[in-house]
There are 2 protein chains.
Amino acid sequence: MPGSPPSLDRQQLGAYLALMEVSSILRHEVEQHLRAEGDLSYVQWQILASLEDSASGSHRMTDLADGVVYSRSGLTYQAGLLEKRGLISRSPSPADERSIDVTITDAGRALFARVLPGHIEVVSSLLFEPLSRNDVQALTGLLTPVRDHMRATPPRSASPRRRKRTRAGDTAS
Amino acid sequence: MPGSPPSLDRQQLGAYLALMEVSSILRHEVEQHLRAEGDLSYVQWQILASLEDSASGSHRMTDLADGVVYSRSGLTYQAGLLEKRGLISRSPSPADERSIDVTITDAGRALFARVLPGHIEVVSSLLFEPLSRNDVQALTGLLTPVRDHMRATPPRSASPRRRKRTRAGDTAS
DNA sequence: TATTGTTATACTCTATAACTATA
DNA sequence: TATAGTTATAGAGTATAACAATA
């Protein structure tokens, strides 16, 4: 029997490696398609999808940052590219002058609509072809708790600026 | 009601998004740890793991390329970094003078051993904590066929040089 | 003082094409 | 002619820290 302190059993190792390989290939193929079809990075696609999905077609930069990218400057960079192409627009939020409201434009919606079918096709043919409806349901059932756990796990990212809650007693003064 | 041709049902969309988020976070955290603990990129880690895992501690560059990286020059780059640090060594293969045998060094094994516990810890706490033994088995059962399917799917990568089999009748002459 | 967002900068990684050498 | 690997190069993405402005 192997050591107990730090180890993954055979099943866990298999699951981990399968997950990494599956997600790497899928991500790679998806990115390839997005680039070829719409000249979009995956982050740009997530931004458009997030905006398209929202009722107002708008989000604050901070809202986009949570759940899209790991650094704020990265989001600024990607949003800048989208704005340059006229796919989104940015304007100061009326409510809070510090915030920027990001809104998807008609051109953005049009591009999203144009790319979406191919995107779905890639995902369907690569990920879902070998899975039955029950399989998909089971997969969701397994991954959802994991996602929730990961979201809840505190140190998630190391430094996208102090994360919400203020740690008391940090600076004495 | 929207069109029917290309679409993912709610279950599929959920599974897809959960998979992407889970794998993104996991990969990000793993990379963070590898960098902090061993100054290694994920690809470098895969190379070391692959060599450590092999009986001889060696692999040809081509063998490493299949299943590790998407372009050959990328592998050369990463292997070059490892060699510079003395973690692997490269020498022409006796059997085929075109090939390079990559071998993990003692220093490479030592570093791998030093980083592994923390690596496992990250994976365990992030991915496996919310999963029972049965869950893990189920997850493997779902992802393995997907992985096999993806490996078999032809166009997988767009251009890491002509992939094995030669397409007849390409150049006339 | 904390939060929102941008900018400047440096660095890592990746991919393409051209190139060498062996089979 | 095909395969193994490297090199040069160019570009994309990311993160850090410093910065400005509003709350």
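Here is the naming used below: chain letters follow the sequence lines, and residue numbers restart at 1 for every chain. All figures in this text were calculated on a predicted structure; none of them were measured in a lab.
Taking the nucleotide of DNA chain D with the nearest heavy atom to each of A:V43 and A:P94, the more 5' of the two is matched to A:V43. For A:L40 and B:I100, each mapped to the nucleotide of DNA chain D holding its nearest heavy atom, the one lying further toward the 5' end belongs to B:I100.
By the 6.0 Å contact criterion, CZ on B:R90 is enclosed, its count of non-hydrogen atoms from other residues, nucleotides or ligands being greater than 12.
Proximity note for A:S71 (side chain, C-beta onward) versus D:dG13, D:dA15, C:dT4: the nearest is D:dA15. Checked against C:dC13, D:dG5, D:dT22, the side chain of B:M61 finds its nearest nucleotide in D:dG5. Comparing D:dT6, C:dA23, D:dG13 by their nearest atom to the side chain of B:D96 picks out C:dA23. When each of C:dT16, D:dG13, D:dA15 is scored by its nearest atom to the side-chain atoms of B:H28, the top-ranked nucleotide is D:dA15. Which of D:dA21, C:dC13, D:dA4 sits closest to the side chain of A:R98 comes down to D:dA21.
Distance CZ (B:R35) to P (C:dC11): 13 Å, rounded to an integer number of Å. C:dT12 atom P lies 14 Å from atom CD of B:E31, rounded to whole Å. To the nearest angstrom, P of D:dA18 lies 17 Å from CZ of A:R72.
A distance of 6.0 Å or more separates the ring centres of B:Y42 and B:H33.
Heavy atoms of B:S99 sit under 4.0 angstrom from primed sugar atoms or phosphate atoms, though from no base atom. Within 4.0 Å of B:S93, counting heavy atoms only, lies no atom of the nucleic acid at all.
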Test log, rule ring-ring contact (aromatic ring centres under 6.0 Å, His included), inputs A:F112 and A:H119 = CA-CA 10 Å; A:F112 184 82; A:H119 181 85; 8.2 Å; no

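Side-chain N/O atoms of B:S73 and base N/O atoms of C:dT14 include no donor-acceptor pair closer than 3.5 Å. With hydrogens and angles left out, the side chain of B:T62 and the base of D:dA4 share no donor-acceptor pair within 3.5 Å.
Using a 4.0 Å cut-off between a side-chain N of Lys or Arg and a carboxylate O of Asp or Glu, A:E31 and A:R35 do not qualify as a salt bridge.
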